[in-house]
> 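Encoded as structure tokens, here's the structure I'll be asking about.
The structure displayed is predicted, hence computed values, not measured ones. Atoms within a ligand are numbered from 1 in the order they appear, just like the ligands themselves.
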Amino acid sequence: MIDEGVKALFNPRSIAVIGASRHPGKIGYTILRNILDYGYKGKVYPVNPKADEILGLKAYKSVLDIPDEVDMAIIVVPEKIVLKVAEEAGRKEVKVLVVITSGFSEVGNVEAEEKLVEIARKYNMRILGPNIFGIAYTPLNLNATFGPNELKPGPIAFISQSGALGIALMGWTIMEEIGVSAIVSMGNMADIDVVDVSEYLAEDPNTKVITIYLEGLKPGTGRRFVEEMKKITRKKPVIVIKAGRSKRGAAAAASHTGSLAGSDQVYSAAFKQAGVLRALTTEEMFDWARVFASQPLPEGEETIIITNGGGVGVLATDAAEENGVKLLDPSPELKEAFKKTMPWFGSPKNPVDLTGQAVVENYVEALKIAFESPEIHNIIVLYCQTAILDPRELAPAIIKVVREYNNKKPIVVGMVGGIETYEGMKILKKNNIPAYPSPEKAVVALSALIKYKRYLEKQSKI
Ligand code: ACO
């Protein structure tokens, strides 16, 4: 059962910003401005004893003075005032506190953090943080963070235990056309933890895939993580990047968010047991998330590569073998069909090599065959930039075919070349077709989808 406080994080009817500042450039000002600018439709109440009005809204001396119920209170006052305003929020029957303030267990101030949790328990409130950059939930037009404010809505949820990295990645998702449902900063996890948030997102119809930047779990929560994540990964894919793999990295993680780093092998085993996919870099995590966000699960394992370059075809073949992607051996009939899409010196085997003289029509015909053939379950399209085929023309043609076939098979695209290929990939990504700047990345991203499909099949047999 998801608790009311966690629900209120994603569906607050009203928000108080305690420590909303009058001064542009301060965190308490930026959060309030982001909430207003991103279009949150609920009620917003700035709280600041020194102000009458902030950003055009009436300000209150205390949360207790607000003449309305308050579901969420965002705390942006210095550490020494946090307990006092938290107590007031409790008396106001606030459901969830979002505590931005730093200076708690991450710097050894365990006592204040424990007191904060005591206050929350006393009043049946939940706490996100402390030491966080906030929360964003795009279906509600809510951006209660001090990060960038141009978030692109979409089905990828991102949970981050690191603040600065989380904020940085918010900006990166915008640049990379990655649509997000939620961005949740976890910080010290004094109360609400990664599992609580994942449990909510597993039920959230606006989220298709959950991504997590994890530094470490709280002592004693490992078993719960595995047990609950096992249930969650049966509903939705979860991709984790676990920092602190090395000894020194683990020590750095421990002092960053005050969490127990633990042995990396233990984490790897726990992820495996829980069906959580582990990415090694943030880029990889989002590469995979993009496939889960936009592509159907495959009906089977047989994969075809369609390319205009032999070299990228070979690289993709290696990557396929290394990552457990099964390349189809096409039947003679299928080879015959592919032969008609290429000059006589092309190759209808797998990779299907349309050759360097391929134009849009060759790709379109080969793609149609791939969608129609019952032998093929997964499609990888590769493109090497040539002066006779502009990637910005190829991209819309691919989109058209994928739509014509209702995207009934997973497809990933790898494009290698100059600036025009980036523009081509941008067109594809905007239209929900995962595109990557190398054949290997395309293959590895598809392999994550296939691995998850295998995991679900295995689970359904248990
Ligand atoms: N109730 C409400 N507001 C109050 C109260 C009160 N009792 N008392 C004071 N305020 C007001 C202040 O007057 C001020 O408003 P003003 O600017 O209009 O005067 C506002 O609250 C903020 O108080 P300041 O004393 O100005 O505090 P400041 O903004 O400098 O710092 C902050 C507060 C941001 C919470 C700081 O203590 C902090 O923790 N910073 C780190 C935050 C952070 O990085 N979190 C982790 C994020 S992740 C990452 O690393 C990116």
> Kindly indicate, with the supporting measurements, whether the criterion salt bridge (charged side-chain N to carboxylate O under 4.0 Å, His left out) is fulfilled by Lys92 and Glu88.
CA-CA 6 Å; Lys92 182 70 186 163; Glu88 290 174 358; over 6 Å; no
> Does the separation of the ring centres of Tyr29 and Phe146 fall below 6.0 angstrom?
no
> Nearest heavy atom to atom 4 (C) of ligand 1 wins, so pick from Gly28, Ser102, Pro49, Pro46.
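Checking each option, the heavy atom nearest atom 4 (C) of ligand 1 is found in Pro49.
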> Show me which atoms of ligand 1 lie under 4.0 Å from any heavy atom of Val47.
2 (C), 3 (N)
> Going by the atom numbers of ligand 1, which of them fall below 4.0 Å from some non-hydrogen atom of Lys50?
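Contacts of ligand 1 toward Lys50, numbered from 1: 13 (O).
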> Out of Val184, Ile167, Ile31, which one pairs with Phe133 under the side-chain contact (heavy atoms from CB on, under 4.5 Å) rule?
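Going through Val184, Ile167, Ile31 one by one, the side-chain contact (heavy atoms from CB on, under 4.5 Å) with Phe133 is satisfied by Ile167 alone.
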> Would you mind listing which atoms of ligand 1 come within a distance below 4.0 Å of any non-hydrogen atom of Gly163?
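Result: 48 (S), 49 (C), 51 (C).
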> Are Pro78 and ligand 1 in contact, using a heavy-atom cut-off of under 4.0 Å?
yes
> Taking the six-membered ring of Tyr60 as reference, does the cationic atom of Lys58 (NZ for Lys, CZ for Arg) lie under 6.0 Å from its centre and within 45° of its axis?
yes
> Does only the side chain of Ile81 get under 4.0 Å from ligand 1, or the backbone, or both, or neither? Count heavy atoms.
side chain
> Does Lys61 reach ligand 1 with a nitrogen or oxygen that is under 3.5 Å from one of the ligand's nitrogen or oxygen atoms?
no
> Find all atoms of ligand 1 within a distance of less than 4.0 Å from any non-hydrogen atom belonging to Ile100, and give their numbers and elements.
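Counting atoms of ligand 1 from 1, those under 4.0 Å from Ile100 are 42 (C), 43 (C), 45 (N), 46 (C).
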> Suppose I only count heavy atoms of Ile18 and a 4.0 Å limit; which atoms of ligand 1 are within that range?
1 (N), 2 (C)
> If the cut-off is 4.0 Å to any non-hydrogen atom of Ala164, which atoms of ligand 1 fall inside it?
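In order of numbering, the contacting atoms are 49 (C), 50 (O), 51 (C).
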> Please check whether Lys26 reaches ligand 1 - meaning an N/O of the residue sits under 3.5 Å from an N/O of the ligand, judged on distance alone.
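Yes, at least one N or O pair falls under 3.5 Å.
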> Should Ile75 and Val98 be marked as a side chain to side chain contact (heavy atoms under 4.5 Å, CB included) after you check the CA-CA gap, both sets of side-chain angles, and the distance that decides it?
CA-CA 6 Å; Ile75 297 185; Val98 173; over 6 Å; no
> Please report the closest heavy-atom contact between Leu201 and Ala157, naming both atoms and the distance.
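Answer, listing the atom of Leu201 first, then Ala157: CD1-CB, 3.6 Å.
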> Which bit of Arg22 is near ligand 1, meaning a heavy atom under 4.0 Å away: side chain, backbone, both or neither?
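For Arg22, the contact with ligand 1 is made by both the backbone and the side chain.
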> If you measure from each heavy atom of Tyr29 to ligand 1, is any distance below 4.0 Å?
no
> Among Leu428, Val412, Val381, exactly one meets side-chain contact (heavy atoms from CB on, under 4.5 Å) together with Ile433. Which residue is that?
Leu428
> Does any non-hydrogen side-chain atom of Tyr436 lie less than 4.5 Å from one of Arg290?
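SC-SC contact between Arg290 and Tyr436 confirmed.
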> Against Tyr137, only a single residue in Asn206, Asn11, Thr207 fulfils side-chain hydrogen bond (donor to acceptor under 3.5 Å, both in side chains); can you say which?
Asn206
